[in-house]
*Asks:* 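Before anything else, here's the structure in question.
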4 protein chains.
Amino acid sequence: MDSSNPASASSGPTARRRTGGRSARVRAQVVEAVGALLLEAGYDGLTVDAVAERAGVHRTTVYRRWRDVGGLLADILDAAADDTWQPPDTGSLEGDLTELNREVYDALAAGHTLTAALIAASFRSAGAADALSRFWENRYERCAAVVDRAAARGEVPAGTAPRALLVSATAPLYHELLLLRSAPDPALPGRAAQAAVAAARAGAFRRTARTPGAAG
Amino acid sequence: MDSSNPASASSGPTARRRTGGRSARVRAQVVEAVGALLLEAGYDGLTVDAVAERAGVHRTTVYRRWRDVGGLLADILDAAADDTWQPPDTGSLEGDLTELNREVYDALAAGHTLTAALIAASFRSAGAADALSRFWENRYERCAAVVDRAAARGEVPAGTAPRALLVSATAPLYHELLLLRSAPDPALPGRAAQAAVAAARAGAFRRTARTPGAAG
Amino acid sequence: MDSSNPASASSGPTARRRTGGRSARVRAQVVEAVGALLLEAGYDGLTVDAVAERAGVHRTTVYRRWRDVGGLLADILDAAADDTWQPPDTGSLEGDLTELNREVYDALAAGHTLTAALIAASFRSAGAADALSRFWENRYERCAAVVDRAAARGEVPAGTAPRALLVSATAPLYHELLLLRSAPDPALPGRAAQAAVAAARAGAFRRTARTPGAAG
Amino acid sequence: MDSSNPASASSGPTARRRTGGRSARVRAQVVEAVGALLLEAGYDGLTVDAVAERAGVHRTTVYRRWRDVGGLLADILDAAADDTWQPPDTGSLEGDLTELNREVYDALAAGHTLTAALIAASFRSAGAADALSRFWENRYERCAAVVDRAAARGEVPAGTAPRALLVSATAPLYHELLLLRSAPDPALPGRAAQAAVAAARAGAFRRTARTPGAAG
DNA sequence: CTTTAAGCGAGACGGTACGTCCGGTCTTATT
DNA sequence: AATAAGACCGGACGTACCGTCTCGCTTAAAG
């Protein structure tokens, strides 16, 4: 799951936004400024004033089009959701999950990070929170393929719920790096992936729930 | 949350701290106000002004003793860390973990919640972040007993790392409820506990690492 | 004291200043408040907060436009300098000087007085000090006419320096009433005027300096 | 607590005051600190906190003994009034007045000056204003000798009021340097002295008033 | 040479004002 | 007539002093 660069891909084909002329240019400048400021100064440095100045646009223009900081974040997140990112395909479930975790790890371990800033933002702005949820759901949907392939290969029981497995694999990373703020451990992505696979093999994520450990 | 101890440890022994009468009362009022405001208005409602007014104390007094909002949070967190909380002891690992998860679930599922506010705060205040880390580490240490007991009962392999197991069990809750903000699912505590137990049984958290799935 | 002109000269011509409606009204209210507060509470009562409240304007607005109390004073002084005041013309030098002195006397003898407040302010604010200097220089220039007329009438030697004479005539008033704070003496304006005239007749203020006592 | 004259002991006979050792040392340190701070930072830099710190004394001690900043100033002024200063005696009135003026000039021309600071203080503190008045009256009384000697020498008419003459001579200095803040002119002390002498010779300061210039 | 209370050190508190930053709204001038 | 720029309101921040209070501890003065 790459959350390292949500801002990169700009406005996809589905969005029927007016793309021509000044409006588009203004939006591009503002989006660029938001991303840059988030990286440099985190969410608290993302003031409308700073965005406007950096984008070379007037304060009131930002208010008019994005209403507030949450709107800005929602915009760049929704833009990022339209990108072309695809989950890895290494041939094994543990390999795929480790690879996914490594992306997360890289995005979070480096202290001041765009991802962390976005998450911080989600705690303060409803708009940002919604956009971030949408973004993440989108990613989980794409990643379901990883689990499906594993099931097809017989690595996990049929009926394994992709999302529960994926959450189980990645959640420890966010927990350690974002919430507990413990020292980054390069082995963490692999270990978390491995534990999730072990649980999955034991049937812990089968949709039919229950009777899991009993099998083991 | 006890509010009797002076100012969360630290400080030299020579400096005559004042613990009697007014100072203690002021602190108690402020701590109470912080908790109440966090619950009512979340982190963004936790302004120094609001705390002072609610505590019936002057603004400058708050600044003098707590410096800023982070200091306030650190104080109540450190106070909370001194409590007498003990992990559950249901007789089985899955039972204990489920019980733990249920506590987390209850603390997080109810929207505006103190826990969520503290986590939000940790993204904005270094002081709060440190205090929260200390608080959590403290809890994980206490919970190690749960794993030790399970190991003694033979539920998990000897050498199972308590912390890794505990993180694996609880992280999905924080992930779903705080980060993904998905709809609360009452089955989640149990499922996450169960998956962690399955992984532990498969040896995924043995300190000697590696060769886990090989057992399966 | 006119309050119609924007913001005491200065500032580039390119910057589109706004002179209409609200801005002008705000300035008028603030200037009025400054004068009233100076009279009522003296310089120490002239806080930005008090000015803002009295003017019915927000604190930050005052800071934005006037920066600090010195800026406020400079504004009202510069406004005052634009007035239409003219020195008296009684027909005799001593009469004119006495009349001038009486104005000063009236302005200073009544305890809490705007003039005294402005002078007090000039000791604490560079901006106010400069503005007050400008104001006084302006007045001395206008008063030069009094001396010129006297010279034309032959009351004082040709070449008498107006400013030195005027200072000599009025300085004792400021000295007694402001610095020494002695009890007001209604005869003082006349006496000081008379002494200055005597000195002038003796040639004490001739620009060619020296050779004064020679006249005696 | 009487703050009118904390230095000069006295007060009730019942309350046994303590004058020796520590108290005296404290006062000396504080007085020194006040003078130094006035010179370095002017009246606005003369905060109780700064005085206490510089004097190596606790804040509350200053409040206890001097009540406020005005009390501090009154104390050092009254101390200064007890000195042994004597007016010059050059042999001529103009010489004496010029010498006096030069002292004033030196005290005022050098920008940040103790004298200016005291005067500034007198505009804000009733205690300081009273003490300064006392100080100046004391000096004018001592200077009366200058005028008496001149009268004895026949330089000025008998009955010339010393104080009016002295004020006339020195006021222009204060006016130019303190109020008008014009550029210091080294010739000013002499010119002002000379003008005052001229007026005095013309009888402008005779106690019986009136009919002055008529004589010329 | 004790006693004893005046005076000091120390910390905290309530309170006023400062000057700044930022969020958001409203209004004026320009195009 | 629309919009960009400027100015405003309002809330909060963190700081500096002010003046007060309540404790103990020192120490100078009286007995």
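The sequence lines fix the lettering, A, B, ..., with proteins before strands; numbering per chain opens at 1.
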*Asks:* Is a donor-acceptor pair below 3.5 Å formed from side chain Arg59(B) to base dG14(F), judging by atom type as modelled?
*Replies:* yes
*Asks:* Report the residue (Gly56(C) or Thr47(B)) whose heavy-atom-nearest nucleotide on DNA chain F is the more 5′ of the two.
*Replies:*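 The 5'-side residue here is Gly56(C).
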*Asks:* To the nearest angstrom, how far is Glu53(B) atom CD from dG15(E) atom P?
*Replies:*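 Taking CD of Glu53(B) and P of dG15(E), I get 12 Å after rounding.
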*Asks:* dC13(F), dC26(E), dG23(E): which one has an atom nearest the side-chain heavy atoms of Arg22(C)?
*Replies:* dC26(E)
*Asks:* Checking Arg27(D) against Trp66(D) for the side-chain contact (heavy atoms from CB on, under 4.5 Å) test, could you report, in this order, the C-alpha distance in whole Å, the side-chain angles of both residues, the deciding distance, and whether it holds?
*Replies:* CA-CA 10 Å; Arg27(D) 178 173 184 257; Trp66(D) 287 274; 3.8 Å; yes
*Asks:* Is the phosphate of dG15(E) approached by Thr60(B) (side-chain N or O, under 4.0 Å from OP1 or OP2)?
*Replies:*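 No, Thr60(B) has no side-chain N/O under 4.0 Å of OP1/OP2 on dG15(E).
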*Asks:* Hey, which sits more toward the 5' end of DNA chain E by its nearest nucleotide, Val26(B) or Asp44(C)?
*Replies:*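 So the residue in question is Val26(B).
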*Asks:* Verify, without hydrogens or angle tests, whether Arg181(B) (side chain) and Ser122(A) (backbone) share a donor-acceptor contact under 3.5 angstrom.
*Replies:* yes
*Asks:* Using the side-chain contact (heavy atoms from CB on, under 4.5 Å) rule, take Thr47(B) and Val51(B) through it: C-alpha gap first, then chi angles, then the decisive distance, then the call.
*Replies:* CA-CA 6 Å; Thr47(B) 70; Val51(B) 168; over 6 Å; no
*Asks:* Figure out the CG/C1' separation between Leu46(A) and dG23(E), and round it to whole Å.
*Replies:*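 Whole-Å distance recorded here is 13 Å.
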*Asks:* Ignoring backbone atoms, establish whether Thr61(D) has a side-chain N or O less than 4.0 Å from OP1 or OP2 of dG9(E).
*Replies:* yes
*Asks:* What is the distance from CZ of Arg25(C) to P of dA7(F), rounded to the nearest Å?
*Replies:*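 From Arg25(C) CZ to dA7(F) P: 15 Å.
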*Asks:* Can you find a heavy atom in the side chain of Val26(D) that is under 4.5 Å from one in the side chain of Val30(D)?
*Replies:*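 Answer yes - side chains close enough.
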*Asks:* Rounding to 10 degrees, work out the angle separating the end axes of the helix from dC1(E)-dG31(F) to dT31(E)-dA1(F) (five pairs an end).
*Replies:*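 Roughly 30°, once rounded to the nearest ten degrees.
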*Asks:* Give the C-alpha distance, both sets of side-chain angles, the deciding distance and a yes or no for side-chain contact (heavy atoms from CB on, under 4.5 Å) between Val48(D) and Asp68(D).
*Replies:* CA-CA 7 Å; Val48(D) 172; Asp68(D) 61 13; 5.8 Å; no
*Asks:* If you define the side chain from C-beta out and look only at heavy atoms, does anything of Glu40(C) sit under 4.5 Å from Arg54(C)?
*Replies:* yes
*Asks:* Under 4.0 Å from OP1 or OP2 of dT20(F): is there any side-chain N or O of Arg67(D) that close?
*Replies:* yes
*Asks:* Think Arg65(D) has a side-chain N or O under 4.0 angstrom from the OP1 or OP2 of dA6(E)?
*Replies:* no
*Asks:* Among residues 116-130 of chain B, which contact DNA chain F at a heavy-atom distance under 4.0 Å?
*Replies:*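 Contacting residues: none.
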*Asks:* Could you check, using the six-membered ring where one of them is a Trp, whether Phe123(B) and Phe123(A) have ring centers closer than 6.0 angstrom?
*Replies:* yes
*Asks:* What's the closest nucleotide to the His58(B) side chain, out of dC18(F), dG14(E), dG14(F)?
*Replies:* dG14(E)
*Asks:* Choosing from dA12(E), dC18(F), dC9(F), which nucleotide comes nearest the side chain of Arg64(C)?
*Replies:*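 The nucleotide sitting nearest to the side chain is dC9(F).
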*Asks:* Taking the side chain as everything from C-beta on, heavy atoms only, tell me whether Leu73(C) gets closer than 4.5 Å to Leu38(C).
*Replies:* yes
*Asks:* Can a salt bridge be assigned to the pair Asp44(C) and Arg124(C) using a cut-off of 4.0 Å between side-chain N and carboxylate O?
*Replies:* yes
*Asks:* Whole angstroms only, please: what is the CG-P distance between Leu72(D) and dC17(F)?
*Replies:*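 Atom CG in Leu72(D) sits about 15 Å away from atom P in dC17(F).
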*Asks:* Report the nucleotide, chosen from dA17(E), dG14(F), dC8(F), that has the shortest atom-to-atom distance to any side-chain atom of Asp49(C).
*Replies:* dA17(E)
*Asks:* From dG19(F), dA5(F), dC22(E), pick the nucleotide closest to the side chain of Asp68(D)?
*Replies:*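 From the listed options, dG19(F) comes nearest.
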*Asks:* Report the residue (Tyr63(B) or Ala50(D)) whose heavy-atom-nearest nucleotide on DNA chain F is the more 5′ of the two.
*Replies:* Tyr63(B)
*Asks:* Please report, rounded to the nearest Å, how far the C1' atom of dC18(E) is from the CH2 atom of Trp66(C).
*Replies:* 18 Å
*Asks:* What's the CZ-C1' distance between Arg27(D) and dC8(E), to the nearest Å?
*Replies:*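 So the CZ-C1' distance, Arg27(D) to dC8(E), works out to 17 Å.
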*Asks:* Please determine whether side-chain contact (heavy atoms from CB on, under 4.5 Å) holds for the pair Leu118(C) and Tyr43(C), giving the CA-CA distance in whole Å, both sets of side-chain angles, and the decisive distance to 0.1 Å.
*Replies:* CA-CA 7 Å; Leu118(C) 286 171; Tyr43(C) 177 71; over 6 Å; no
